Engineer: 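Dropping a structure here in structure tokens format, bear with me for questions.
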Amino acid sequence: MFVWNKDELNSEQEKAIFEQNSVLLVACPGSGKTRTLIYKIAYELSRLKSEKEFIIAITYTNAAADEIKDRVELLGVDVTQLWIGTIHSFCLEWILRPYSLYLDELKNGFSVINSYDAEELLEKLCKSFEGNKLSLYDCGYIATHDKFILMCKDKFKHKNIRAVLTKYFNILKQNNQIDFEMILAYSFKILKKRPVISQILSKLFPFILIDEYQDTKEIQYHIISSILKAGNSKSRTLIVGDPNQAIYDSLGGFPMSKSDLELLFGFKLTIADLSKNYRSSSKIINYFNAYKTYDNKILSVGKNKDYNSLITFNNTIHKDNLVDEIVNLVILNIKDKHISQNEICIAAPQWYPLASLTRNLMVRLPECSFDGPGMSPFARDIDNFWYKLSRIVLTEPSPNLYIRRLRWSTEVLNELSNFGVEISDFTNKGLLRFCNSVSIDEEEGLEYLRIIFDKICVFLKISIPGFPILKEHYDSFFRSSEKRIEKLQKEGNEFVDSISNFKKVFKQREGITVSTIHGIKGEEYDTVIGFGILEGWVPHFSDKINGAKNSKKMLYVLSSRARKNLHLISEIGRNVNNYNPTGLKPTSHLLSYDFKYDEI
């Protein structure tokens, strides 16, 4: 049985871990949620009664899966019977690949189309509707348990969008391909058509953990519930998240209520809380408490509890002077507040102003490093085989990363096996040793990758043209990367294609982070600087129904990332496609919040 020392967990965390029934755990920001999940996984692994059983952990991102698995292994626990990853990865490995023959649509085999190729195809199809101004971004759709829902808010475009998607689906069908959303749709269809599969999986999985449940889609709830319900309460679950941070509703994510979850699963859930915030000062916590939409208790108990936080709000600066203002705030935090540049984050609700802002800040603050958009020189398609291989070859050998790189090597070999490549003569350690041993004198990033990929193929005895899916991924990876580099160079980033720049992509966070509010969810920094906090952006101008509620959630997520200092900016002079030519106003919640901000 896995045990830990007395002071490693608090009473709330231990209660969630020892609970024998299924649990709905509401975890406030900075409450040690990840630590709790890691110990819970280790605890459940130690309680398995058969070598045929697996503990399943569903995470929202691949990065979260990597972090949790690394930390479980560092506890000295055998992770042979742990499977962890995103819901899409789970569906592919445990449902689609083993049982696709039960669906007429997939019985002749299938491959998952690259994100880049799917976008290219949709862009091409949209051109036939130029008069109606259809774009790739109009054609998003969400799978539910019984239908597809269009994401475009403009209903006048729906007829043409359906026509585009019909052509898109037909082309995928002809090519025996499915896309990201179809993974979920077909997985649920298999479980519904063949209930015995849910019964088999429920016997394999005595415990299923679902992280960030507030970002879970309706169809994902149904997929998991099919398995849990088939177990007749023998399969247990821990569902964890924070309803206050449900900011992915535009992508279909939402926190299902306890009563609805119980109705769907067919069994009762024990409610539990993690209410102790170890991250932020009392002042920061008191500030973001005002933006809660779910009434849970948050207590400040960490080492920063009594820190004299600086919380500012500027709604007078013009967008043309925004860079000056952010530079001043960065200098203030580094020099006066003694904050490390690695612990500063600059965030906005939208992607498009961030690349130019990052470049301007790099010029104005040459002594600082930056981790922001436009810094990645190649396409980061996490489902592309060659992207997965690039993680290994571009990451420097290090004891700290050995376990993770070894796991990546295992994933690469498993993927090759799925493509039909014979890998029985190779091991994950052998592949990793070979990648570490290759020395290439090449400064241009993409050429470096072409050379090292060729060498690895020789080592693995692979001829790329002999495996159509491998070739498809290869062409897509380099086409999309060339297109991205060309765009970035035109924007002034002339050295983006250097191999040193390529290797920065997988390095641990270094320098000032520049990202969206969505992009920093789950992270934490000493100082957070948020700009673009404007009506039309927070909430988005197209969010007519849930705008007020979602605006609060965005402000909650942004503010709760900060440990010590928080600076909010609602710059003047912004507009959205001339939607408001006089400039967007500050988000109404900021204006109505009777808070005494600090002056600097």
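Every value quoted in this text rests on a predicted model; they were computed, and no experiment measured them. Sequence positions, counted from 1, serve as the residue numbers for this chain.
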Engineer: Do Tyr221 and Asp260 have a side chain donor and acceptor closer than 3.5 Å?
Structural biologist: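 No, no side-chain donor-acceptor pair sits under 3.5 Å.
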Engineer: Given ring pair (Phe, Tyr, Trp, His ring centres under 6.0 Å), test Tyr387 with Trp408 step by step and report yes or no.
Structural biologist: CA-CA 11 Å; Tyr387 172 80; Trp408 288 344; 9.1 Å; no
Engineer: Is any NZ, NE, NH1 or NH2 atom of the basic residue among Glu262 and Lys258 found under 4.0 Å from an Asp or Glu carboxylate oxygen of the other?
Structural biologist: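 A salt bridge is present here (some side-chain N lies under 4.0 Å from a carboxylate O).
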Engineer: Centres of the Phe288 and Tyr556 rings: under 6.0 Å?
Structural biologist: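 When the ring centroids of Phe288 and Tyr556 are compared, they turn out to be within the sub-6.0 Å range.
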Engineer: Taking side chain as C-beta onward, heavy atoms only, is Ser356 less than 4.5 Å from Arg359?
Structural biologist: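 Contact flag for Ser356/Arg359 side chains = yes.
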Engineer: Ring-plane angle category for Tyr597 and Phe313, please: parallel below 30°, perpendicular beyond 60°, tilted otherwise.
Structural biologist: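 Rings of Tyr597 and Phe313: tilted, as their planes differ by 30° to 60°.
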Engineer: Within a reach of under 6.0 Å around CG of Asn308, are more than 12 heavy atoms found that belong to other residues, nucleotides or ligands?
Structural biologist: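 Atom CG in Asn308 is not crowded, with 12 or fewer foreign heavy atoms closer than 6.0 Å.
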Engineer: Within the 4.5 Å heavy-atom criterion, are Leu361 and Val323 side-chain neighbours or not?
Structural biologist: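 The answer is yes; the side chains approach within 4.5 Å.
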Engineer: Has Asp295 got more than 12 heavy atoms of other residues, nucleotides or ligands less than 6.0 Å from its CG?
Structural biologist: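 At most 12 heavy atoms, drawn from other residues, nucleotides or ligands, come within 6.0 Å of this atom.
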Engineer: Picking from Trp94, Phe207, Phe90, what satisfies ring-ring contact (aromatic ring centres under 6.0 Å, His included) with Phe54?
Structural biologist: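 The passing option is Trp94.
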Engineer: Are more than 12 heavy atoms from other residues, nucleotides or ligands located less than 6.0 Å from atom OH of Tyr593?
Structural biologist: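 Enclosed.
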Engineer: Do Asp371 and Ser369 have side-chain N/O donor and acceptor atoms under 3.5 Å apart?
Structural biologist: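 No, no side-chain donor-acceptor pair sits under 3.5 Å.
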Engineer: Under 6.0 Å between ring centres: does that hold for Phe506 and Phe502?
Structural biologist: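 No, ring centres 6.0 Å or more apart.
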Engineer: Is a salt bridge present between Glu12 and Lys15, judged by a nitrogen-to-oxygen distance below 4.0 Å?
Structural biologist: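 Lys15 and Glu12: not salt-bridged.
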Engineer: Answer yes when Glu19 and Arg236 have at least one side-chain N-carboxylate O distance shorter than 4.0 Å, and no when they do not.
Structural biologist: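 Arg236 and Glu19: not salt-bridged.
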Engineer: What's the shortest heavy-atom distance between Ser22 and Ser235, and which atoms?
Structural biologist: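 Result for this residue pair: OG-O, 4.4 Å.
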Engineer: Do Val505 and Leu394 make a side-chain contact, defined as non-hydrogen atoms from C-beta onward lying under 4.5 Å apart?
Structural biologist: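 No; the side chains remain at least 4.5 Å from each other.
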Engineer: In this structure, are over 12 heavy atoms from other groups packed under 6.0 Å from Lys305 atom NZ?
Structural biologist: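 No, the 6.0 Å shell around NZ holds no more than 12 heavy atoms from other groups.
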Engineer: Using distance alone, with no hydrogens and no angle criterion, decide if Gln214 and Tyr294 have a side-chain donor and acceptor under 3.5 Å apart.
Structural biologist: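 Side-chain D/A pair, Gln214 to Tyr294: absent.
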Engineer: Is the closest side-chain heavy-atom distance between Arg574 and Trp537 below 4.5 Å?
Structural biologist: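 They are in side-chain contact.
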Engineer: Would Asp249 and Asn550 satisfy side chain to side chain donor-acceptor pair (under 3.5 Å), going step by step from the backbone distance to the final call?
Structural biologist: CA-CA 9 Å; Asp249 69 326; Asn550 289 337; 2.8 Å; yes
Engineer: Can you tell if the side chain of Asn565 reaches within under 4.5 Å of the side chain of Tyr307, non-hydrogen atoms only?
Structural biologist: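 Yes, at least one pair of side-chain atoms sits under 4.5 Å.
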Engineer: Classify the ring geometry between His589 and Tyr291 as parallel (under 30°), tilted (30 to 60°) or perpendicular (over 60°).
Structural biologist: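 Perpendicular: the ring planes of His589 and Tyr291 meet at over 60°.
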Engineer: Please say which of Ile339, Asn304, Thr527 ends up in a side chain to side chain contact (heavy atoms under 4.5 Å, CB included) with Arg563.
Structural biologist: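 The residue from Ile339, Asn304, Thr527 that satisfies side chain to side chain contact (heavy atoms under 4.5 Å, CB included) with Arg563 turns out to be Asn304.
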Engineer: Return yes when atom CD of Glu367 has more than 12 non-hydrogen atoms of other residues, nucleotides or ligands closer than 6.0 Å, and no otherwise.
Structural biologist: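 Yes, the 6.0 Å shell around CD holds more than 12 heavy atoms from other groups.
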Engineer: Of all heavy-atom pairs between Ile58 and Ile87, which one has the smallest distance, and what is that distance?
Structural biologist: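 In this case the closest contact between Ile58 and Ile87 is CG2-N, 3.8 Å.
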Engineer: Consider only side-chain N and O atoms of Tyr278 and Asn10, and report whether a donor and an acceptor are under 3.5 Å apart.
Structural biologist: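 Yes - a donor-acceptor pair under 3.5 Å links their side chains.
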Engineer: For residues Leu45 and Ile55, report the shortest heavy-atom separation together with the two atoms involved.
Structural biologist: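 That would be CD2-CG1, 3.6 Å.
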Engineer: Would you call Asn315 and Leu590 a side-chain contact if the rule is heavy atoms closer than 4.5 Å?
Structural biologist: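 No, side chains not in contact.
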Engineer: How far does CD1 of Ile529 sit from OG1 of Thr513, to the nearest 0.5 angstrom?
Structural biologist: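 If I round to the nearest 0.5 Å, the distance is 11.5 Å.
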Engineer: Would you mind checking if Asp215 and Lys521 are paired as a salt bridge, meaning a charged N to carboxylate O distance below 4.0 Å?
Structural biologist: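 Counted as a salt bridge, because a side-chain N and a carboxylate O are separated by less than 4.0 Å.
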Engineer: If you look at every heavy atom in Val77 and Ala42, which pair is closest and at what distance?
Structural biologist: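 Looking at all heavy atoms of both residues, the shortest contact is CG2-CB, 3.7 Å.
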Engineer: Side chains of Gln220 and Glu218: is there a donor and an acceptor less than 3.5 Å apart?
Structural biologist: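 No, because no side-chain N or O of Gln220 sits under 3.5 Å from a partner of the opposite role on Glu218.
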Engineer: Apply the test side chain to side chain contact (heavy atoms under 4.5 Å, CB included) to residues Arg407 and Asp70: give CA-CA distance (whole Å), side-chain angles for both, the deciding distance (0.1 Å), then the verdict.
Structural biologist: CA-CA 9 Å; Arg407 185 163 65 251; Asp70 284 351; 2.8 Å; yes
Engineer: Consider only side-chain N and O atoms of Asn333 and His567, and report whether a donor and an acceptor are under 3.5 Å apart.
Structural biologist: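 On atom types as modelled, these side chains qualify, holding a pair under 3.5 Å.
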Engineer: Can you give me the closest heavy-atom contact between Tyr213 and Met256, atom names plus distance?
Structural biologist: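 Closest pair (atom of Tyr213, atom of Met256, distance): CE1-O, 3.6 Å.
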Engineer: For Lys283 and Ser309, work out which heavy atoms get closest and say how close.
Structural biologist: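 So the minimum-distance heavy-atom pair works out to NZ-O, 2.9 Å.
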Engineer: So do the side chains of Ser280 and Tyr287 get within less than 4.5 Å of each other, counting heavy atoms only?
Structural biologist: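 They are not in contact (no side-chain heavy atoms under 4.5 Å apart), so the answer is no.
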